[in-house]
Amino acid sequence: MSTALFQYPAQATVGSRVPKSRVYRFAKPTQAVRDLIVGQVQEITWTYKLSAETINLPARDGITKIQIFRMDLKQAELDEAVLRTLDKAVAFPILFELRWQGRIKPVAAYKRPSEAEAGQQVIGGYVETGWQPAGAERAPLPLALDLSGLYTRLLRVLMPLTPRPGETLRQQAERLARIKTKEREVRQAETRLRRERQFNHKVAINAELRGLRAELKRLLE
């Protein structure tokens, strides 16, 4: 489903407003991030909980619950620090649905328990679709054998990167992060090349740029 909007089962409904004070208490954001939340977010609602109890899918690979949060915004843009703060406050994977002026946009980051620090979460980069009409048609939940498989299917719809054969969700998310890093390095090298005046330095930067582009191509294949 190209919209990446899903019809969540009625039995998974929570429909509970999340006070901003509760987010502050659990995530302990800086004052700057608190100001962003106040300035950009109208209301946060915990809309659905996907778990063994609500949708009859067993936990697997540490995925015991998937939470769906709606965020009604005061403006079209939402700083990533706000999303990251919410993700830090909740110990389970979250799929966000942002709403603004009759439009909706799904956003999420790959999230997993930290292997280095007990009780901490590793949160990857955020992926999203464009804005869509809030009343856009929703697809049924993807078929899955367990919550880990469901999480994989829900998140992959948002990713701008086709999974390689046998590639896990974690591997795909990590490859996407490397692609973004490599794209940034390519842009930086291109900028240095445009500004460089000495021929021998241009030759060296050109060689570096060819190497970076080749690495990027391998990651994208």
Side-chain angles (χ1 to χ4, degrees), residues 4 8 12 14 16-41 43-55 57-71 73 78-98 105-128 144 146-161 163 167-182 184 219:
Y8 298 104
V14 178
S16 175
R17 191 176 72 85
V18 180
K20 294 174 184 177
S21 58
R22 186 177 178 186
V23 176
Y24 303 156
R25 186 166 68 251
F26 284 98
K28 296 179 175 57
T30 63
Q31 186 59 52
V33 175
R34 289 190 184 204
D35 291 343
L36 288 173
I37 294 173
V38 170
Q40 298 179 356
V41 180
E43 188 171 82
I44 304 167
T45 307
W46 178 14
T47 50
Y48 297 97
K49 178 178 73 172
L50 309 180
S51 66
E53 295 77 17
T54 61
I55 60 172
L57 285 181
R60 181 168 171 262
D61 296 338
I63 306 294
T64 60
K65 296 180 181 69
I66 303 169
Q67 312 289 13
I68 314 299
F69 277 35
R70 186 181 75 227
M71 298 179 68
L73 306 183
L78 180 67
D79 196 288
E80 186 178 295
V82 175
L83 293 171
R84 203 162 288 276
T85 296
L86 265 291
D87 262 319
K88 286 179 180 178
V90 178
F92 305 101
I94 303 176
L95 301 176
F96 296 98
E97 291 189 350
L98 310 185
K105 177 166 65 172
V107 182
Y110 172 64
K111 184 175 175 181
R112 62 175 176 82
S114 172
E115 296 163 352
E117 293 184 70
Q120 298 300 309
Q121 302 290 313
V122 176
I123 304 165
Y126 286 87
V127 288
E128 62 185 52
D146 49 54
L147 288 169
S148 177
L150 178 61
Y151 182 50
T152 295
R153 289 176 177 268
L154 292 173
L155 202 56
R156 276 185 165 160
V157 174
L158 297 175
M159 287 192 172
L161 185 67
E167 188 174 48
T168 66
L169 179 60
R170 176 174 175 175
Q171 290 168 339
Q172 185 183 6
E174 290 173 347
R175 180 161 64 95
L176 181 58
R178 291 197 300 273
I179 286 170
K180 290 182 177 180
T181 298
K182 201 60 60 179
R184 184 169 61 251
L219 287 168

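These figures come from a predicted structure and were not determined experimentally.
- Residues passing the salt bridge (Lys or Arg N to Asp or Glu O under 4.0 Å) test with R156: none are found, sequence neighbours excluded.
- The stretch residues 88-98 participates, sequence neighbours left out, in these salt bridge (charged side-chain N to carboxylate O under 4.0 Å, His left out) pairs: E97-R138.
- One distance of note links OH of Y126 with CG of L83; it measures 5.0 Å at 0.5 Å rounding.
- Applying the side-chain contact (heavy atoms from CB on, under 4.5 Å) rule to S114 yields the partners A116, E117, Q120, V122; only residues at least two apart in sequence or on another chain are considered.
- Taking R70 as the reference, D72 meet the salt bridge (Lys or Arg N to Asp or Glu O under 4.0 Å) condition, with sequence neighbours excluded.
- Residues V18 and T45 fail the side-chain proximity criterion, which asks for heavy atoms closer than 4.5 Å.
- The salt bridge (charged side-chain N to carboxylate O under 4.0 Å, His left out) contacts involving residues 23-38 comprise nothing, where partners must be two or more places apart or lie in separate chains.
- The shortest side-chain heavy-atom distance between D87 and F96 falls under the 4.5 Å cut-off.
- L36 has its side chain out of reach of V41: every pair of non-hydrogen atoms, C-beta onward, lies at least 4.5 Å apart.
- The salt bridge (Lys or Arg N to Asp or Glu O under 4.0 Å) search around R60 returns D146, not counting sequence neighbours.
- The shortest distance between side-chain heavy atoms of P93 and I63 falls below 4.5 Å.
- Of the charged side-chain nitrogens involved, none lies within less than 4.0 Å of a carboxylate oxygen, so that E174 and K180 do not count as a salt-bridged pair.
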